[in-house]
Amino acid sequence: MAGIAAGTVVGVQALTRAALSQASPRHLTTAYVLGGSDTVTPIRTATNTALPPIDLGKGRGLCAIASTPDGKTAYVAGYGPGPAFLGTVTPIRTATNTALRPVKAGPGPCAIAITPNGKTVYVVNLPADTVTPIRTATNTALPPIRVGSRPLAIAITPDSKTAYVITRGSVARCPDTVTPIGTATNTALRPIHVGGCPTAIAITPDGKTAYVADGSQVTPIRTATNTALRPIKVREIPAAIAITPDGGTAYAVSFGGGRRGVTVTPIRTATNTALPPITVGRTFPQNFPAIAITPNGSTAYVINGSGIIHQDAVTPIRTATNTALAPITVGRGSCAIAITPDGKTAYVTNMSSGSVTPIQTATNTALRPIKVGRSPCAIAITR
């Protein structure tokens, strides 16, 4: 489950950045929140008001969500009802918040990504060792693409030409690979060997380098040649990674040991050099760490433990100085975070609290939680 969540969080964050880059702050902005009650709850960000939930059908387990770059459609990956974790992807028309007919995918979908040109949705099917492409123009599933064993996360280059899928192999032994997919033909290319048990991936805005969190290191991949470069050692086990909009710094979020809690290691991408780690929490979050960076690149927000029983926290990091600011207390079981296109508000899902906490980024102040139903687990923001 840790691998699934990490992959889901990293897939949502990467796609949210792609969608937000083309969203205008002049339009109404909506956050879509996956819940454990077979629903997606839209939140009108201008008023922090939850709109009527969108029912996706009883008996479904919802895993991941992403929106198209034009903001017209959100795609929700889930499974069931039915045998063998039957996977589906449900398109939601955002103009009317209407769920369309589900599209069949592989069993057990765990992550989703959309090409920046908006033409194709890629769904990662963990137990089937495949990725299912979906043509957005017709919402039609194409033949599945076989990748490595136990795929769990995906990221796509800004030019939409290549998708990179990380795989973890058997429980006993990780094969340590990333499989590139040529999107023009939906063909899996030769796997790239990286470090032990990869968990997350992010790609620089110029598309030249993919960074893979694996083992106790981050491995850069030169996308022009699909070559793994020398791994960068970081503290403990990285579980999430994000890159500033200018591409200058990658931030790897790690589970610490002992009293180290959660740490964030900045990596200077020009030289692939790790800078001193930043401690953002002395305790673990109740679920998994996650990170999101404001559109202007000035602040990174990291989910971590608060040290308060039954509550988690979000720690802002000032990227200019790589300094952790005072943590912001949010709800229980926080697991995903997304930021509005104008950068004014960050939204944190709290699984155990059944809520979403808005954070005003100008003052780093938590606002009144928004009730969204049972077990909110992922979020995407669109206009």
Side-chain angles (χ1 to χ4, degrees), residues 3-20 31-35 40 54 56 60-80 85-94 99-136 139-142 144-145 147 150-157 160 162-167 179 181 183 186 199-203 240 290 292 335-336 338 349 376-382:
I4 292 177
T8 300
V9 169
V10 173
V12 169
Q13 289 173 349
L15 280 152
T16 300
R17 286 198 301 274
L20 298 190
Y32 289 86
V33 183
L34 295 193
V40 174
I54 304 165
L56 300 190
R60 293 187 183 277
L62 307 182
C63 307
I65 184 169
S67 63
T68 52
D70 62 10
K72 293 182 179 180
T73 311
Y75 287 86
V76 180
Y79 56 86
F85 295 101
L86 176 65
T88 60
V89 174
T90 301
I92 294 174
R93 185 174 290 132
T94 59
L100 306 181
R101 184 188 301 274
V103 183
K104 289 184 180 180
C110 64
I112 187 169
I114 301 175
T115 52
N117 63 17
K119 293 182 178 181
T120 311
V121 178
Y122 287 91
V123 186
V124 178
N125 310 305
L126 188 149
D129 302 337
T130 62
V131 172
T132 300
I134 296 173
R135 187 173 287 132
T136 60
N139 286 328
T140 305
L142 304 179
I145 306 161
V147 292
R150 295 177 68 216
L152 60 88
I154 185 170
I156 301 174
T157 53
S160 299
T162 311
Y164 289 87
V165 182
I166 62 175
T167 61
T179 300
I181 294 173
T183 60
N186 286 325
T199 54
I201 184 170
I203 298 174
C335 59
T349 63
C377 59
I379 185 169
I381 299 178
T382 187

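Taking the side-chain hydrogen bond (donor to acceptor under 3.5 Å, both in side chains) definition, one finds that Asn186 meets it with Tyr122, sequence neighbours left out. When the side-chain hydrogen bond (donor to acceptor under 3.5 Å, both in side chains) test is applied to Thr162, no partner is found at least two apart in sequence or on another chain. The side-chain hydrogen bond (donor to acceptor under 3.5 Å, both in side chains) search around Thr120 returns none, not counting sequence neighbours.
Here the closest heavy-atom approach between residue Thr132 and residue Ala141 is recorded as CG2-CB, 4.1 Å. Scanning both residues, Ala200 and Ile166, for their nearest heavy atoms gives N-CD1, 3.3 Å. Scanning both residues, Leu62 and Gly35, for their nearest heavy atoms gives CD1-O, 3.6 Å. Here the closest heavy-atom approach between residue Cys110 and residue Ala64 is recorded as O-CB, 4.3 Å. Here the shortest heavy-atom pairing between Pro109 and Ala77 reads CB-CB, 4.2 Å. The minimum heavy-atom distance between Ala290 and Cys335, with the atom names listed, is CB-O, 3.8 Å.
Annotation: the span from Leu152 atom CG to Thr199 atom OG1 amounts to 7.5 Å, rounded to 0.5 Å. Here the OG1-CG distance, from Thr167 to Asp129, works out to 8.5 Å after rounding to the nearest 0.5 Å. We find the CD1-CG distance between Ile65 and Leu34 to be 4.5 Å, quoted to the nearest 0.5 Å. Taking OH of Tyr75 as the reference point, atom CD1 of Ile112 lies at 8.5 Å (rounded to 0.5 Å).
In this structure a side-chain-to-backbone donor-acceptor pair under 3.5 Å is present from Thr68 to Thr73. Using modelled atom types, one side-chain atom of Thr183 and one backbone atom of Ser160 make a donor-acceptor pair closer than 3.5 Å. In terms of modelled atom types and a separation under 3.5 Å, the side chain of Thr136 and the main chain of Lys119 share a donor-acceptor contact.
A 4.5 Å side-chain heavy-atom check between Ile154 and Ile201 finds every atom pair outside the cut-off. Residues Ile54 and Tyr32 meet the side-chain proximity criterion, which asks for heavy atoms closer than 4.5 Å. Under the 4.5 Å side-chain criterion, counting only non-hydrogen atoms from C-beta, Pro116 is in contact with Ile156. You'll find the side chain of Ser67 stays beyond 4.5 Å of the side chain of Ile114, heavy atoms only.
The only option from Ile134, Thr88, Thr130 that meets the side-chain contact (heavy atoms from CB on, under 4.5 Å) definition with Val123 turns out to be Ile134.
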